[in-house]
Amino acid sequence: MRGVPMRAVVGSVDDHPAVVLGVATLLGVQPGLVVAASGATVAELLSRRTAFDVVLLDLSLGGSSTPAENLRALAGTGARVLVYTTGDR
């Protein structure tokens, strides 16, 4: 639709504070993107009780959760999930 500004609410899951800050900074200056919350784990992000349009998920979190568990937990939210990693696993 022309003339209707896009707005996407973004959540971020990463266990590295510098990455969280960088992602929030880069996305926060983009028109239509709102970084609403972040967490070091999926459980922490979901505890914020925010409806996200998109969740950025680090594939290699340092905790005991697996990528499959994290994706299952996010599947019920209705958010699209973009998985990324800088790890070598």
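The first residue in the sequence is number 1, and the count goes up from there.
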Is there a side chain to side chain contact (heavy atoms under 4.5 Å, CB included) between Asp58 and Tyr84 once you walk through the steps? CA-CA 5 Å; Asp58 181 3; Tyr84 68 94; 4.0 Å; yes
In terms of heavy-atom contacts, Leu71 and Leu57 come closest through CD2-CD2, 3.9 Å
Of the non-hydrogen atoms in Leu46 and Ala73, which two are nearest, and what is the gap between them? CD1-O, 3.8 Å
Check residues 74-83 and write down every donor-acceptor pair under 3.5 Å in which the side-chain atom is one partner and the other belongs to a residue at least two apart or another chain.
from: Thr77; atom 1: OG1; to: Leu74; atom 2: O; distance (Å): 2.7
from: Thr77; atom 1: OG1; to: Ala79; atom 2: N; distance (Å): 3.2

Sorted by chain and number, sequence neighbours left out, side-chain hydrogen bond (donor to acceptor under 3.5 Å, both in side chains) with Ser65 holds for Asn70
Looking only at non-hydrogen atoms, find the nearest pair between Ser12 and Val23 and report the distance. OG-CG1, 4.3 Å
Once side-chain contact (heavy atoms from CB on, under 4.5 Å) is applied, do any residues pair with Ala18, and if so which ones, sequence neighbours excluded? none
Is there any side-chain hydrogen bond (donor to acceptor under 3.5 Å, both in side chains) pair reaching into residues 22-31, and which pairs are they, with sequence neighbours excluded? none
Mind listing the closest non-hydrogen atom pair of Ala36 and Thr50 along with its distance? CB-CG2, 3.9 Å
What residues, two or more places apart in sequence or in another chain, satisfy side-chain contact (heavy atoms from CB on, under 4.5 Å) together with Ala8? Leu33, Asp53
Search all heavy atoms of Leu61 against all heavy atoms of Ala40 and return the closest pair with its distance. CD2-O, 3.9 Å
Sequence neighbours excluded, which residues qualify as salt bridge (charged side-chain N to carboxylate O under 4.0 Å, His left out) partners of Glu69? none
Can you pull the salt bridge (charged side-chain N to carboxylate O under 4.0 Å, His left out) pairs that have at least one residue in residues 23-46, sequence neighbours excluded? Glu44-Arg48
Under a 4.5 Å side-chain heavy-atom rule over Ile, Leu, Val, Met, Phe, Trp and Tyr, are Met6 and Val54 clustered together? yes
For Val20, all residues meeting side-chain contact (heavy atoms from CB on, under 4.5 Å), sequence neighbours excluded: Asp14, Ser38
